[in-house]
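First the structure, in the form of structure tokens, and then the observations on it.
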Amino acid sequence: MTVGLRGGTVRRSSSAAGADQPTSASKPFHLTAARRTAWLLPFLLAACATIAPPPAEPPVPPLQWQAPLPHDGDLTDLSRWWAAQGDPLMVTLIESAQAASPTLASAASRMAQARAARAVAGAALVPRLDGTASASRARTSPLIPQGTTVQGGMQASWEVDLFGSLSAARAAADARLEGSAAQWHDARVSVAADTANLYLNFRICERQLRLVQSDAESRAESLRLTQLAADAGFQPPAAAALSRAGAAEGRARVTQQRAECDLTVKALVALTDIAEPRLREQLGQTDGPGEFAPVQITALPAKLLEQRPDLFAAEREVAAAAADLGSAQAQRYPRLTLQGAVGRLRFDGGGLNTEITTWSVGPVALSVPLFDGGRINANIDAARARYFEAAALFRARARQAVREVEEALVTLASTAERWDDAKIAAEGQRSFLGAAKERYRGGLSSLFELEETRRNALAAELALLALERDRQAAWIALYRAAGGGWDREPTAILEAPQAAAN
């Protein structure tokens, strides 16, 4: 059904002498019943809304953590957690990696697209206004002299949001923008954690390299002494052969360990976009962080889940999918559009000067879907499926978040319990190795016993370093699982990515 209302036309014309003769080219119109119905229809249907989607079952977090909580130290502000470690180079590397990260660039691009989509969805709720202008010179009729016609005007159109379809689309766009901003924060936390892990791997690798270098030097000294003894006939040739094998094994371990450190540096170069010579110079100026500042976890899992940006993004996707479903359902119902125009025309020619102003309201168009081959129902079914999928992913993401925290807590508790024993074992093996060297020099033990003692001492030292690395990785995992200092407030959600995009 289409209803159009044409407004009056006011004309001013003048001859060459300048006489004005105003005329009116329209007559009053009367609203018929159909026209009154068309005008009142938006107000009659304005209270109608889309059907809400079926409620999704929210995730139920556990009442408490099953793993023991770390109680050493005070609560640390996670937003400044890296600076609290006392290693400025690690902070610099994290900032460089975040600036060069393609993951963050992709997240920022998705957020910019979501912001544009929200602007488009919001623009659909307000009238659209277009300006027109044209000029021509022609003789259109023998009765009309040749002249110049200049005209301009404005045209307006507006779709009345009767059943909330456009509002639902705007709500979906809002939710996706908030979700994309939270994903940007989540990517930022992930890049920081990955960079810190790689940096700490290099620091542990350095210490392992120094350890195996010391072991190789000790083996080389044993080879020298054994070879002298064998040449003098005090040691059998087999002892010299074993000593040479041990020295070769020590050199091979040094070569392998140095290669692992070099590969870690290459990975840091690619991650941070820092030139390798400059990065190696910076790495040589510091020894790495000491004991990590602790992350204290709240005893209430539900409170911690509120600090996870990825979980918030999944929640916003559920809201967006619900709004999409409402928008799809609204397509079943009528759509009302309004149009209007205002124009001004000026004609000059043959001594005639004429100006015309016109305006119109309409058509008022009401479109009712009658038959579409099942397209609307198919779109509704697809939107409903996406909604339930988003809800299932949200619940799964909540379970995964709880799991990540629990795993980090278990690792921290385990490394803390093993640390003292591993340290005692390493110190004992170190002391026993020193005693074995003295016995060997005094001829009280064989080279076989010395080499076996050396291998045991090296294994204990490497196990202690691996345990230290596991504890550092567990702290970083807990930092990441706790949300990395993300703030759920809407201003904090949107302002930081906006600043980064600029």
Side-chain angles (χ1 to χ4, degrees), residues 198-268 276-277 280-281 283-288 290 415 417-473:
L198 199 57
Y199 172 69
L200 293 173
N201 284 342
F202 174 77
R203 290 307 185 192
I204 292 295
C205 185
E206 275 188 323
R207 295 167 62 181
Q208 291 172 337
L209 179 59
R210 289 193 292 266
L211 184 63
V212 297
Q213 282 176 337
S214 177
D215 178 74
E217 292 171 359
S218 178
R219 289 172 184 265
E221 179 64 17
S222 297
L223 172 60
R224 187 184 68 83
L225 296 176
T226 304
Q227 190 64 51
L228 290 176
D231 293 341
F234 297 107
Q235 290 285 350
L242 177 62
S243 184
R244 283 193 297 273
E249 180 183 354
R251 291 193 302 271
R253 188 185 292 271
V254 170
T255 302
Q256 179 185 7
Q257 193 66 43
R258 184 179 290 113
E260 290 182 5
C261 295
D262 288 340
L263 291 175
T264 306
V265 172
K266 306 291 185 185
L268 278 172
E276 185 169 338
R280 288 187 179 276
E281 180 183 357
L283 291 173
Q285 295 174 354
T286 178
D287 294 329
T415 54
E417 292 176 1
R418 290 182 290 156
W419 178 256
D420 291 339
D421 292 335
K423 190 174 182 180
I424 292 173
E427 291 174 351
Q429 291 290 349
R430 195 181 305 123
S431 299
F432 189 68
L433 176 60
K437 289 180 180 179
E438 293 298 327
R439 290 196 307 271
Y440 175 73
R441 293 189 184 97
L444 299 178
S445 65
S446 67
L447 180 62
F448 296 96
E449 293 174 343
L450 175 61
E451 292 300 328
E452 182 179 1
T453 303
R454 193 195 312 278
R455 285 191 294 269
N456 292 337
L458 179 61
E461 294 285 356
L462 293 177
L464 186 63
L465 286 177
L467 188 61
E468 181 180 349
R469 181 66 193 98
D470 289 343
R471 185 163 182 80
Q472 291 174 342

* Structure fact -> Nearest heavy-atom contact between Ala426 and Glu461 is O-OE2, 4.0 Å
* Structure fact -> Interatomic distance, SG@Cys205 vs CZ@Arg210, rounded to 0.5 Å, equals 10.0 Å
* To do: Taking the side chain as every heavy atom from C-beta outward, state whether Arg258 and Gln213 have any pair of such atoms under 4.5 Å apart.
  => yes
* To do: Taking all non-hydrogen atoms of both residues into account, name the closest pair between Val254 and Leu209 and its distance.
  => O-CD1, 3.8 Å
* Can you measure from CG (Leu462) to CG (Leu467) and round to the nearest 0.5 angstrom? => 12.5 Å
* Asked: Out of curiosity, Ile204 CD1 to Asp470 CG, how far, rounded to the nearest 0.5 Å?
  -> 9.5 Å
* Is there side-chain contact between Arg253 and Leu458, with heavy atoms separated by less than 4.5 Å? -> yes
* Side-chain heavy-atom pair Leu228, Arg224 within 4.5 angstrom cut-off -> yes
* Please round to the nearest 0.5 Å and tell me the distance separating atom CG of Leu268 and atom CG of Asn201. => 9.0 Å
* Structure fact -> Only one of Asp421, Thr415, Asp420 passes side-chain contact (heavy atoms from CB on, under 4.5 Å) with Arg418, and that residue is Thr415
* Structure fact -> Here the pair of heavy atoms bringing Pro236 nearest to Ala230 is O-CB, 4.4 Å
* Looking only at heavy atoms, which two atoms of Leu223 and Ser243 are closest? And how far apart? -> CA-OG, 2.8 Å
* Working to the nearest 0.5 Å, report the span between CG of Asn456 and CZ of Arg430. => 14.0 Å
* So do Leu283 and Arg203 actually touch side chain to side chain, heavy atoms under 4.5 Å? -> yes
* Structure fact -> Shortest non-hydrogen pair, Lys437 vs Ser218, comes out as NZ-OG, 3.1 Å
* Within 45° of the ring axis of Phe432 and under 6.0 Å from its six-membered ring centre, is that where the NZ or CZ of Arg439 lies? -> yes
* Look at Arg219 together with Asp215 and state whether they make a salt bridge at an N to O cut-off of under 4.0 Å. => yes
* To do: Provide the closest heavy-atom pair for Leu200 versus Gln472 in the form atom of the first, atom of the second, distance.
  => CB-OE1, 3.8 Å
* Could you list all the disulfide bond (SG atoms under 2.5 Å apart) pairs where at least one residue sits in residues 207-249, not counting sequence neighbours? => none
* **Spacing of CZ belonging to Arg207 relative to CG belonging to Leu464, to within rounding of 0.5 Å** => 8.0 Å
